[in-house]
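To find a chain, count down the sequence lines: A is the first, B the second, and so on, and within it residues start at 1.
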Amino acid sequence: MKLQQIQGEFQIQLEDEKTAHIIWEAIKPEIENSPSTRSKMKIKLEDKTILLKIESRDSTAFRAAMNSTLRWIKLAYDIIKL
Amino acid sequence: MKLQQIQGEFQIQLEDEKTAHIIWEAIKPEIENSPSTRSKMKIKLEDKTILLKIESRDSTAFRAAMNSTLRWIKLAYDIIKL
Amino acid sequence: MLCLGIEGTAEKTGIGIVDDKGNILSSIGKSLIPSTGGIHPREAAEHHSKHIPELLKEAFEEAGVEAKDIDLVAFSQGPGLGPALRTVATAARTIALTLGIPIVGVNHCIGHIEIGRLTTGAEDPVSLYVSGGNTQVIAFEENRYRVFGETLDIAIGNMLDQFSREVGMGHPGGPKVEELAEKSSNYIRLPYTVKGMDLAFSGLLTAALRKYETGAELEDLCYSLQETAFSMLVEVTERALAHTKKREVLLCGGVAVNKRLRTMLEKMCDGHYAKFFMPPPEYCGDNGAMIAWLGQLTYKYKGPDRIEDTTIIQRYRTDQVDIPWMEETKEKLELP
Ligand SMILES: Nc1ncnc2c1ncn2[C@@H]1O[C@H](COP(=O)(O)O)[C@@H](O)[C@H]1O
Ligand SMILES: [Mg+2]
């Protein structure tokens, strides 16, 4: 799909700041040097909420970036809760 | 993942208003009465950009809603471009 | 001191817990059986992220320890499939941050060698590492593991899997090919490709498939595939043994469990008065214990990685890593 542009802003609110901070620090290295040239990602932490911004030229790249990021967040969360 | 809450706002910019309008109208029914109780979706059209808002209590539901919506949009787009 | 290792470079993910003396307290894994075609990287990533949390719990139970008893976390940093590696790296960072313990990224291929040395007692072997994703002949020289020979195209495990899939025998192919090969001794000529110390398997694969399409017996083809591919592996290993003057050969990787390959290698070793070693089957293929043990060695000599430096190395070469612990073994060997 050669649409102009697709971008999304996500807020993932965790139950406490410690959990949010661990998840943020655990996934940041992957977000900041993702090999994909077809989408750009930025991540920020505000108290107990992770802010994620994804921008892509096509929906496939956007979905790939979003799915992998949310997968990592869920994985990190499931490990912390062990 | 029983995190507090996950929500995302998306802007999908099409190349012209006509395409945007057709896609918006095509997928609106799916969005507005989507069976899933685990996530809420809203959709709006502004010129040639589709605005989508998704809110869910867990990341799996959010990913499902997100992926299906983007699949519909791509499908509608590909059909228009036939 | 306990190290928890996480493996996940391809379709298999594994957790291992090993202490600094080399006692393996637990090693648990789970493999993704690909539905169709080869292993899709994102499917592997999804599989790993789904199973790592439960495998962690099982590993703690098997080792009889709790999360708070872990002092170090190690993970397979490469080589491998990008999405799978990044999932494992994220899991490892989460554990390090949650437990407040150090983290080290390690090389998957070197993990195979070190768990082989640990479980067999081999000191300084020529290693033939044959798996689904890798085919390398490796030996220690001047502070590093050097790759003396490797595949120029696909790994031998991958070749066997592709052949098996194309003829409808399903995944993984190795065991199925081995089973049928035992029923035949009728050799069909197939391309034998050794270039210097390197090998190539895709020509062998295409030739075998073409013979299959023109009606050759499947048992004969499985027999001929093994005889040709394994002879190539033995030749390159023999060359490395002669060149390095080592006295030991270590066979590792998932393909090592093949009896025919073992027999052929043992025969070659006898001819060179070299000792043959192979780890127990559960440590031949990809596993978490090898990552945990290599994590212990790496941490002891090189210390921890900084969290921000734990990004993956997708094409991580075996000879990119300094191996200080082998120097000690070398000195020990040279004592009169
Ligand atoms: N008995 C066997 N003979 C030959 N190859 C095998 C055998 N068992 C497993 N394999 C191969 O080993 C590879 C998996 O090993 P690994 O990548 O180390 O986990 C796959 O390609 C399998 O086809
Ligand atoms: Mg391996």
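Heavy-atom distances place both the backbone and the side chain of C/Ile307 under 4.5 Å from chain A. Heavy-atom distances place both the backbone and the side chain of C/Ala91 under 4.5 Å from chain A. Both the backbone and the side chain of A/Ile22 come within contact range of chain C, each with at least one heavy atom under 4.5 Å from a heavy atom of that chain. Neither the backbone nor the side chain of A/Thr19 comes within less than 4.5 Å of any heavy atom of chain C. Both the backbone and the side chain of C/Glu46 come within contact range of chain A, each with at least one heavy atom under 4.5 Å from a heavy atom of that chain.
Contact between A/Ile12 and A/Leu70 at its shortest, heavy atoms only, is CD1-CD2, 4.4 Å. Nearest heavy atoms, C/Ala10 versus C/Leu81: CA-CD1, 4.0 Å.
Because its NZ or CZ atom is not both nearer than 6.0 Å to the ring centre of A/Trp72 and within 45° of the ring axis, A/Lys74 does not count as a cation-pi partner of that residue. Geometrically, C/Lys302 does not engage C/Tyr299 in a cation-pi contact, judged by NZ or CZ lying under 6.0 Å from the ring centre and within 45° of the ring axis.
Two residues are said to be in side-chain contact when any heavy atoms from C-beta on lie closer than 4.5 Å; A/Leu52 and A/Ile54 meet this criterion.
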